[in-house]
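Following: one structure in structure tokens, then a few remarks.
The chains referred to below are lettered A, B, ... by the order of the sequence lines, with proteins before strands, and numbering in each begins at 1.
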2 protein chains.
Amino acid sequence: MNINISDEHCPLRRTLEIIGGKWTMLIIFQINERTIRYGELKRCIVGISEKMLISQLKFLCDKGFVHKKSFAEIPPKVEYTLTDIGKELLPVINQLIQFGLNHKF
Amino acid sequence: MNINISDEHCPLRRTLEIIGGKWTMLIIFQINERTIRYGELKRCIVGISEKMLISQLKFLCDKGFVHKKSFAEIPPKVEYTLTDIGKELLPVINQLIQFGLNHKF
DNA sequence: CAGCATCCATATGGATACTG
DNA sequence: CAGTATCCATATGGATGCTG
């Protein structure tokens, strides 16, 4: 593979910008194939602050990896799902997990 | 795959700590299968500062992904190579590149 | 040549209180 | 319930100068 690392917009750097974040991959992996509400998501990802969860979700929505559906109800209800592109990240994440399982670093 | 995201030391979080950095994967990919000197490495990875390159190399050596060989010469000469574990990251990186190539996000 | 030390700007991210 | 807003601590990272 002949990739020019110098280029700030090379595919590797662009992908790393997505997966590099501390939380994005955890969020994607947690949503996975299901539909999940904001509150449950927050409970699942122990350690994340509200600010981070919201901002990362917004980031992922903007990038087209996550789809957000709001219901006009009181109390509010918001559901998150992965888009088709988002789902394509799942095998990548699984490879990362596999690597982590194989090595004690 | 049944991974507990809550655990700070789950395989996914651990792997993300490695690849999450802005530079680590670029360095690994740049070293690749060859032996490369510090200076050339620095020239290859446009945009990285000396401080970052040194600290990230140290990090990767500590983690066992990179091997460093210093020569007792004047002027100094230091060669970096990937360890076997480090080389196992190459397919992961290639998948990241592939993902970047496939999607315009 | 390789790499350390220092200073400093900015980014990241946590805690808390508040709102529709 | 699902966010926003604000304040603040720390981490990240760049520039520069120096050294064996």
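- Side-chain atoms of A:Glu73 stay outside donor-acceptor range of the base of D:dC1, with no qualifying N/O pair under 3.5 Å.
- Along DNA chain C, the nucleotide closest to A:Ile74 and the one closest to A:Gly21 are compared, and the more 5′ of them pairs with A:Gly21.
- Between B:Lys63 and B:Glu17 there is no salt bridge, since none of the side-chain N atoms of the basic residue sits less than 4.0 Å from a carboxylate O of the acidic one.
- OP1 or OP2 of C:dG3 has at least one side-chain nitrogen or oxygen of B:Lys68 nearer than 4.0 Å.
- Among the atoms of the strands shown, only primed sugar atoms or phosphate atoms (P, OP1, OP2) are found under 4.0 Å from some heavy atom of A:Lys22.
- Using a 4.0 Å heavy-atom criterion, one finds that A:Phe71 contacts no nucleic acid atom at all.
- The interatomic distance linking B:Ile54 (CD1) with D:dC18 (P) rounds to 19 Å, in whole Å.
- Heavy atoms of other residues, nucleotides or ligands lying less than 6.0 angstrom from NZ of B:Lys69 number 12 at most.
- As a whole-Å value, the separation of B:Met52 CE from C:dA9 C1' is 14 Å.
- Side-chain nitrogen and oxygen atoms of B:Lys58 include at least one within less than 4.0 Å of the OP1 or OP2 phosphate oxygen of C:dC4.
- A:Tyr38 has no side-chain polar atom (N or O) that falls below the 4.0 Å cut-off from OP1 or OP2 of D:dT4.
- Contact between the side-chain N/O atoms of B:Arg37 and the OP1/OP2 oxygens of C:dC1 is not found at any separation under 4.0 Å.
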